[in-house]
Amino acid sequence: MSKVVRVRARVRALVRRLRAAGRGDAGMVTSEYAVGIIAAVAFAALLYKVLTSGQVSAELQAIVKRALSVRM
């Protein structure tokens, strides 16, 4: 077998492997979307609760006041 033939065979094998890899699952199914949305909503609710709590709200207000009172 000549060197050119071996290289072509390797290239063909590589192309076959790449095509086979591309045929796999490319996205999520409906149930995965539902679980993802539920997780995102739960995280958003938790973040909202934390940010609107008294202590965190006071700290955020203090940070903003300090930032606005800086002289340039």
Side-chain angles (χ1 to χ4, degrees):
M1 207 192 257
S2 73
K3 194 172 191 175
V4 173
V5 174
R6 283 185 294 207
V7 170
R8 285 182 184 166
R10 286 184 184 175
V11 169
R12 284 188 199 120
L14 178 62
V15 169
R16 278 195 299 270
R17 281 194 304 245
L18 289 173
R19 284 183 181 161
R23 288 187 204 122
D25 274 342
M28 295 191 299
V29 295
T30 305
S31 60
E32 290 171 332
Y33 277 116
V35 171
I37 290 171
I38 290 170
V41 168
F43 181 72
L46 178 68
L47 187 61
Y48 176 77
K49 278 299 221 186
V50 168
L51 290 178
T52 58
S53 69
Q55 186 176 4
V56 174
S57 180
E59 289 293 326
L60 289 173
Q61 287 178 359
I63 291 170
V64 170
K65 284 180 184 177
R66 273 185 279 159
L68 293 176
S69 66
V70 172
R71 293 184 183 207
M72 293 188 182

Under 4.5 Å side-chain heavy-atom separation, chaining through any Ile, Leu, Val, Met, Phe, Trp or Tyr, what else clusters with Ile38? Say none if it is isolated.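 Joined to Ile38, directly or through intermediates: none.
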Can you list the other members of the hydrophobic cluster that holds Val41, where links are side-chain heavy atoms under 4.5 angstrom apart?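 Same cluster as Val41: Ile37.
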Determine, stepwise, if the pair Leu14 / Arg10 fulfils side chain to side chain contact (heavy atoms under 4.5 Å, CB included). CA-CA 6 Å; Leu14 178 62; Arg10 286 184 184 175; over 6 Å; no
Partner residues of Arg12 under the side-chain contact (heavy atoms from CB on, under 4.5 Å) criterion, sequence neighbours left out: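 Expected list: Arg8, Arg16.
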Please output the side-chain donor-acceptor pairs of residues 52-72 that fall under 3.5 Å, not counting sequence neighbours, one pair per line with the distance.
from	atom 1	to	atom 2	distance (Å)
Thr52	OG1	Tyr48	O	2.7
Thr52	OG1	Lys49	O	3.4
Ser53	OG	Val50	O	2.8
Ser69	OG	Lys65	O	3.1
Ser69	OG	Arg66	O	3.1

